[in-house]
Asker: 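Dumping the structure here so I can ask a few things about it.
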Amino acid sequence: MDVQKITPLLGGMSPARFMRSHWHKKPLLVRQAIPGFEAPIPRAALFELASRDGVESRLIQQRKSGWSLKHGPFQRRALPPLGTREWTLLVQGVDLHDAAGRALLDEFRFVPEARLDDLMISYATDGGGVGPHFDSYDVFLLQAHGKRRWRIGRQRDPSLVEGMPVKILANFEPEEEYVLEPGDMLYLPPRWAHDGIAEGECMTYSIGFRSAQRDELARETLLRIADALGEADASPIYRDPRQEAVEAPGRVPLALQEFAREGVLRALAKSQVLERALGEALTEPKGNVWFDPPSDEPDLRQLGVTLDRRSRMMYDERHVYLNGESYLASGRDATLMRRLADQRQLSARELGKASEEALSLLESWFDDGWLRALPPA
Ligand code: SIN
Ligand code: CO
């Protein structure tokens, strides 16, 4: 993607300028970010997704007594009638299940893949919304169908209404108000409070980002580092020829504590160990993702390849990562694999430069269902 090129998606700004001036800093309202936008996933398709096992969905309703929250899957008859006001159906991870959803997410790949989370779609009847709240991640709220009135504000008071199944700000302090129509988009940085209320039947697409918590990231990487320990050569065994006789046998020997500390520090100090564990953790598919192996055997070299929409691929100086696995890569093959991660596809011409080793790796990814053949031109 040319990040210097101005785009209607960002209100006539280039991605480079948007990232400098707004990303993680201040909201941006874009009228007609996608001119003439028509919801590519209509209501019936969204309801069908919400009825499936393995698709994360929630139903939020406002009642006189407060807010209610139910988790899917929802058969159609489990959803309130369309004529009933003030209910919202939220479907998470639509990019994993629908090609148009994935294609929309790809428009936002001027942000690193490691930060991109998913496409969530909300359907609401008149007056519906999820209440005033703030999120801990950046979000682009793209209006896809009907109208939604958004009120937003920098929230100083984070206190929540007690005893609710959803997070509702007790003292919402709106500063600005906008009515979004199809194709309009609102970008919000983390912690900006927002409340969106449907004006008539309404669908909003949320392009959401993930912001890892440092401890959570440390936990995920340490687990992987721990798993990889012991895979290499035999490590030394604790020896204590100078251990003296003790009167307090319950005390842990200092030398044993030092021995363990050295083990941990050495494990972390190994070259690339942290980078590799992080790359694997970042590309690990979500728990509800599984891949369908192919039913045919096309000639990938002739057609070119594209990543399956559920595949997550990234790279760093030494490795490429795909769906939680890491591969060492260098030279021409590394260039090719990095291109696959950046573009999510490789043409037949680009594949012509692959070594036999790279081709057989691509074929094994194809067999796992992680890659697909490009449709014939
Ligand atoms: C919605 O689409 O109703 C909610 C999206 C959000 O507030 O993050
Ligand atoms: Co929100």
Side-chain angles (χ1 to χ4, degrees), residues 24 27-30 33-34 37 39-43 46-47 49-50 55-62 67-72 74 79-80 84-95 101 104-105 108 116-155 158 160-161 164-170 172-211:
H24 230 64
L28 176 70
L29 171 70
V30 183
I34 305 186
F37 186 61
I41 298 138
R43 180 178 73 201
L46 190 69
F47 287 4
L49 275 179
V55 177
E56 201 186 322
S57 57
R58 286 168 290 162
L59 175 67
I60 296 180
Q61 267 182 292
Q62 282 155 269
W67 296 81
S68 81
L69 167 71
K70 285 188 197 144
H71 292 275
F74 300 104
L79 296 173
T84 302
R85 285 173 44 83
E86 297 182 357
W87 62 271
T88 295
L89 173 72
L90 300 164
V91 182
Q92 211 78 46
V94 175
D95 50 297
L104 182 64
L105 208 58
F108 295 83
L116 203 53
D117 189 8
D118 75 339
L119 172 67
M120 178 186 86
I121 300 186
S122 71
Y123 169 85
T125 55
D126 187 39
V130 302
H133 65 283
F134 60 78
D135 302 304
S136 53
Y137 46 79
D138 307 78
V139 65
F140 290 92
L141 299 156
L142 172 66
Q143 192 58 22
H145 174 78
K147 290 188 205 169
R148 187 184 284 278
R149 182 176 298 272
W150 285 104
R151 289 182 305 150
I152 65 168
R154 274 163 297 209
Q155 185 74 21
L160 301 175
V161 181
M164 289 295 153
V166 283
K167 280 192 200 165
I168 306 286
L169 285 166
F172 179 41
E173 307 158 71
E175 293 170 305
E176 285 161 55
E177 182 169 320
Y178 316 104
V179 176
L180 266 65
E181 305 214 7
D184 293 345
M185 188 171 77
L186 179 61
Y187 161 74
L188 291 177
R191 299 192 70 81
W192 268 74
H194 49 288
D195 187 20
I197 296 179
E199 300 205 337
E201 183 183 65
C202 157
M203 277 200 272
T204 303
Y205 288 13
S206 296
I207 294 95
F209 293 80
R210 47 179 182 171
S211 307

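Atom set for the values below is all heavy atoms of this structure, side chains included, hydrogens, waters and symmetry mates excluded. Indexing begins at 1, ligand by ligand and atom by atom, following the structure's order.
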Asker: Which is closest to atom 2 (O) of ligand 1 by heavy-atom distance: Gly129, Ser122, Pro132, Ser206?
Answerer: Ser122

Asker: Taking 4.0 angstrom as the limit and counting only heavy atoms of His133, give me the atoms of ligand 1 inside it, by number and element.
Answerer: 6 (C), 7 (O), 8 (O)

Asker: Give the atom name of whichever N/O/S atom in Asp135 sits closest to the Co ion (ligand 2).
Answerer: OD2

Asker: If the cut-off is 4.0 Å to any non-hydrogen atom of Arg148, which atoms of ligand 1 fall inside it?
Answerer: 3 (O)

Asker: Is there a side-chain contact between Ile41 and Met203 (heavy atoms, below 4.5 Å)?
Answerer: no

Asker: Pairs of nitrogen or oxygen atoms closer than 3.5 Å, one from His194 and one from ligand 1: do any exist?
Answerer: yes

Asker: Is a side-chain donor or acceptor of Glu56 paired with a backbone partner of Gly93 at a separation under 3.5 angstrom?
Answerer: no

Asker: Of all N/O/S atoms in His194, which lies nearest to the Co ion (ligand 2)?
Answerer: NE2

Asker: Which atoms of ligand 1 are found less than 4.0 Å from any heavy atom of Asp135?
Answerer: 8 (O)

Asker: Closest to the Co ion (ligand 2), which N/O/S atom of His133 is it?
Answerer: NE2

Asker: Do the two ring centres, one from Tyr123 and one from Phe47, sit under 6.0 Å apart?
Answerer: yes

Asker: For atom 4 (C) of ligand 1, what's the nearest protein heavy atom and its distance?
Answerer: Val130 CG2, 3.9 Å

Asker: Check Gln61, Gln62, Lys167 against Trp67 for a side chain to side chain contact (heavy atoms under 4.5 Å, CB included) and give me the one that passes.
Answerer: Gln62

Asker: Looking only at heavy atoms, which two atoms of Val139 and Ser206 are closest? And how far apart?
Answerer: CG2-CB, 3.9 Å

Asker: Between Val91 and Ser57, what is the shortest heavy-atom contact and its length?
Answerer: CG2-CB, 4.3 Å

Asker: Specify the closest pair of heavy atoms between Pro182 and Ala144, including all atoms of both residues, with the distance to one decimal.
Answerer: CB-O, 4.1 Å

